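All remarks here apply to the structure that follows.
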Amino acid sequence: MRVNLHIATILVVLLIHAAMYNTSVDGGKLIGDYSKLSGIIIPGFASTQLRAWSFLDCPYSPLDFNPLDLVWLDTTKLLSAVNCWLKCMLLDPYNQTDHPECKSRPDSGLSAITELDPGYITGPLSSVWKDWVKWCIEFGIEANSIIAVPYDWRLSPSMLEERDLYFHRLKLTFETALKLRGGPSIVFAHSLGNNVFRYFLEWLKLEIAPKHYNQWLDEHIHAYFAVGAPLLGAIETVKATFFGNTFGLPVSESSHLPPQYFSPFFLLRLLKSVIQTGLTAVTFTSLIEAFGCLSYYLVLLDLDAYSNTCLSCILARYQGTARLMFNSFASSLWMMPFSKYCRTDNSYCRHFAGGFRKGHHTYQCEEQEFRLNYSGWPTNIVNIEIPSVRGFGAYPSVTELAQTNLSSMECGLPTQLSFSAREISDGTLFKAIEDYESDSKRLLYQLKKSYHDDPVLNPLTPWDRPPIKNVFCIYGIDSRTEVGYYFAPSGKPYPDNWITTDVIYELEGSLYSRSGNLVEGNPGAASGDDTVPYNSLSLCKNWLGPKVNITRAPQSEHDGSDVQVDLNVEHQHEEDIVPNMTRSPRVKYITYYEDSESIPGRRTAVWELDKGA
């Protein structure tokens, strides 16, 4: 959720560079007033504050919710009134309306994206764009030249426009920035913010006459920086659908726990922060010991004052708050992994051909989808082991089992089903597990309504290079990243009805299981950024031309002798570019790819940062 400081620093340097110098074929000559440019930030998933727009009385808690109170994120209320807090966070899983007792809306301005939970301790832990803004100030960027465009990250793209008119307002933001400062804007999008920006560009095609579309883009957008963009989706979205996503917060993935039970990751990070500010562990202990189960976390920290663990405080007991919350958001499907080789017809062309009707996308896959394995991913993303019952199919229904004398049944060998990225994004996975997953109906409904039948764009299709003058793609590589899962039914009721039996990781060009064994598949030349796999991040290399200039340099300060340059490298479309350069195992590098033969006035470049997330 946090933007890496290295990336933030590079972005600011690039902002100054782009603002001061023309990126056309004039060779970087200063040709105008750089102060006319603006920077527009589109934050990522869960990176915008949400505020209450209701009065909500919270029983058994001294803290209630009033209009404009922080909801996302207020850890104090989350811990003291979790049931109340959830009412303000949850949406109806079918129509995306608010809870009857509480509604939340996104905050506005830079403060909505800098720190999610401002505070002496919680502020640094929830910092998103704050360091980036600080760098802008140090570089002398004017206050009115940096504009944040927060959004309700719980909603599907069509609902963002239907409920909040978000894309209309985003268009006005670009036009206002042009009038205010006299020049175009530089777009910085992070994570899901890239998906939002892509949808905006497609939506804009239907709002502007065809002959004025490219003209509008040239006048209003000078450059686009795609930071950590999940261009083919993100694997962890699938896991979150089955188990929920705690976002590192004290909300249990598998149970509806009382407020005194903390997430171990949250407490460890909190304790580290407190110690760094000068307080002792004993002082910290006295502050939160009343919440209980502290001994477990102190044992993890090797603090001998507490010897008994309290593992029971993390055991599942009730309904899973994290899964219920995550799956109530239609946006939970927006970053689902999808095939590299399957596309839908062009809504833009159909609109002007008079055939624009909602729900009539034509979904077609290239021959590679069926000739090659894994839909352009390293491996099958989901593998599910289903217990077979002799006399039934692989998926006996609850009704069939209820009418059978279970004591006389013979159990057959389990059936393992594997699903590629295409089979996840087209709903095959959720149809196959309907008898084991009560949430399948909701997932299939949202997948069809909000994505497959979206009138503007099916977002679960590959990206083409945006028609913007300058496009820069920036992401981290070579961290251990999840690329596949093995699930099995747990025998427990929803939401604890699945267990993870194995995980497949990619790391620096190889695939490993959770136990460390090598796994067969199609690993890329590198691994991802710890969250998004390499093949999804690096899809933007397809936007480069047939000849590419490559530069590799250490991230740390250097004298220039370690810089490696390779010019006019041949690049085959749809294939990765692997530099033929030396690499020291102890050095983190930045590798920069740029078109060697750019279209006049247009530029495409890719930055890969070792161990950057």
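Keep in mind that what you see is a predicted model, and the values were worked out from it rather than measured. As a basis for the values below, the full set of heavy atoms in this structure was taken, side chains included, without hydrogen atoms, waters or symmetry mates.
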Q: Classify the side-chain pair Tyr224/Asn194 by whether it contains a donor and acceptor separated by less than 3.5 Å.
A: yes

Q: Applying side chain to side chain contact (heavy atoms under 4.5 Å, CB included), run through Asp426 and Leu447 and close with a yes or a no.
A: CA-CA 8 Å; Asp426 69 10; Leu447 194 60; over 6 Å; no

Q: Look at the side chain of Tyr475 and the backbone N and O of Tyr534, then say whether any donor-acceptor pair between them is shorter than 3.5 Å.
A: no

Q: Heavy atoms only: give me the nearest Phe326-Thr241 pair and the separation to one decimal.
A: CE2-N, 3.9 Å

Q | Heavy-atom check, side chain of Glu482 versus side chain of Asp530, under 4.5 Å | A | no

Q: Would you check if the side chain of Trp377 reaches a backbone N or O of Phe338 as a donor-acceptor pair within less than 3.5 Å?
A: yes

Q.
For the backbone of Cys88 and the side chain of Ser104, can you confirm whether one donor and one acceptor N or O come within less than 3.5 Å of each other?
A. yes

Q) Checking Ser536 side chain against Leu232 main chain: does a donor-acceptor pair fall under 3.5 Å? A) yes

(Q) Tell me if a side-chain donor or acceptor on Gln96 pairs with a main-chain N or O of Asp92 at a distance below 3.5 Å. (A) yes

Q) Does some side-chain heavy atom of Asn535 sit less than 4.5 Å from a side-chain heavy atom of Pro378? A) yes

Q.
With a 6.0 Å cut-off (strictly less than), is the heavy-atom count around CH2 of Trp53, excluding the residue itself, greater than 12?
A. no

Q: In sequence, state the C-alpha distance, the side-chain angles, and the governing distance for Phe167 and Leu204, and then conclude on side chain to side chain contact (heavy atoms under 4.5 Å, CB included).
A: CA-CA 8 Å; Phe167 298 110; Leu204 192 65; over 6 Å; no

Q) Taking the six-membered ring for Trp, is the centroid-to-centroid distance between Phe200 and Phe174 below 6.0 Å? A) yes

Q: Could you tell me whether Arg105 and Asp98 make a salt bridge, using a distance below 4.0 angstrom between a side-chain N and a carboxylate O?
A: yes

Q.
Show the nearest heavy-atom pair for residues Ile499 and Ser490, with the distance to one decimal.
A. CG2-CB, 3.6 Å

Q | Side-chain ion pair, Arg169 and Asp164, N-O less than 4.0 Å | A | no

Q) Measuring from Ile424:CD1 to Leu443:CG, what's the distance to the nearest 0.5 Å? A) 12.0 Å

Q: Decide yes or no for Leu155 and Leu91: does some side-chain heavy atom of the first lie under 4.5 Å from some side-chain heavy atom of the second?
A: yes

Q | Exercise: identify the closest heavy-atom pair between Ala148 and Ile113 | A | CB-CD1, 3.6 Å

Q) Do you know the tightest heavy-atom contact between Asp64 and Leu56? A) CB-O, 3.3 Å

Q) Got a salt bridge between Lys77 and Asp69, using NZ or NE/NH1/NH2 to carboxylate O under 4.0 Å? A) yes

Q | Nearest heavy-atom neighbours spanning Asn380 and Asn383 | A | O-ND2, 3.8 Å

**Q.** Sub-6.0 Å ring centroid separation between Phe487 and Phe243
**A.** yes

(Q) With a 4.5 Å cut-off on side-chain heavy atoms, are Pro459 and Met335 touching? (A) no

**Q.** Minimal non-hydrogen separation, Ala234 against Val532, with atom names
**A.** CB-CG2, 4.3 Å

Q: Ignoring hydrogens and angles, tell me if any N or O in the side chain of Arg154 forms a donor-acceptor pair with the backbone of Met89 under 3.5 Å.
A: yes

Q. Is the shortest distance from a Lys or Arg side-chain nitrogen in Glu506 or Arg480 to a carboxylate oxygen in the other one below 4.0 Å?
A. no

(Q) Looking at Asn458, is its backbone amide N or carbonyl O close enough to the side chain of Thr461 to form a donor-acceptor pair, meaning the two atoms are under 3.5 Å apart? (A) yes

Q) What distance do Ser440 atom OG and Asp435 atom CG have between them, rounded to the nearest 0.5 Å? A) 9.0 Å

**Q.** Minimum side-chain heavy-atom gap Pro489-Ile386 below 4.5 Å
**A.** yes

**Q.** Check SG atoms, Cys84 and Cys58, less than 2.5 Å apart
**A.** yes

Q. From Arg51 CZ over to Leu68 CG, what is the distance, rounded to the nearest 0.5 angstrom?
A. 6.5 Å

Q | Trp72 vs Leu116 side-chain heavy atoms within contact, under 4.5 Å | A | yes

Q.
Can a donor-acceptor pair be found, under 3.5 Å and without considering hydrogens, that links the side chain of Asp529 to the backbone of Gly228?
A. no

Q | Pair Ser450, Gln446: side-chain N/O donor-acceptor within cut-off below 3.5 Å | A | yes

Q: Any chance you could lay out the side chain to side chain contact (heavy atoms under 4.5 Å, CB included) test for Tyr485 and Thr501, step after step, and finish with the verdict?
A: CA-CA 8 Å; Tyr485 302 106; Thr501 59; over 6 Å; no

(Q) Nearest 0.5 Å, please: how far is CG in Asp57 from CG in Asn66? (A) 9.5 Å

Q. Does Lys171 pair with Glu175 as a salt bridge, N-O distance under 4.0 Å?
A. yes

Q.
Could you check whether any side-chain heavy atom of Leu324 comes within less than 4.5 Å of a side-chain heavy atom of Leu86, counting everything from C-beta outward?
A. no

Q: Please check if any side-chain donor atom of Asp454 sits under 3.5 Å from a side-chain acceptor atom of Tyr199, or the reverse.
A: yes

Q: With the side chain counted from C-beta on, respond yes when His190 and Val227 share a heavy-atom pair under 4.5 Å apart, and no when they do not.
A: yes

**Q.** Distance (rounded to the nearest 0.5 Å) between Asp74 CG and Gln49 CD
**A.** 10.0 Å

(Q) Within the supplied structure, the quantity of interest is the number of heavy atoms (other residues, nucleotides, ligands) at a distance under 6.0 Å from Lys87 NZ; does it exceed 12? (A) yes

Q. What residue among Arg442, Arg323, Lys431 forms salt bridge (charged side-chain N to carboxylate O under 4.0 Å, His left out) with Glu437?
A. Arg323

Q: Please round to the nearest 0.5 Å and tell me the distance separating atom CG of Asp131 and atom OG1 of Thr114.
A: 10.5 Å

Q.
Test your reading of the model: is there a side-chain donor-acceptor pair from Ser527 to the backbone of Thr481, 3.5 Å cut-off?
A. no

Q: For this output row, return yes or no: ring centroids of Phe65 and Phe55 closer than 6.0 angstrom.
A: no

Q: Keeping the roles fixed (side chain from His452, backbone from Ser425), state whether a donor-acceptor pair exists under 3.5 Å.
A: yes

Q: For the pair Met336 and Val238, evaluate side chain to side chain contact (heavy atoms under 4.5 Å, CB included) and give the outcome as yes or no after the intermediate values.
A: CA-CA 7 Å; Met336 278 287 179; Val238 180; 3.8 Å; yes

Q.
Are Trp153 and Phe329, when compared by the centres of their aromatic rings, separated by less than 6.0 Å?
A. yes

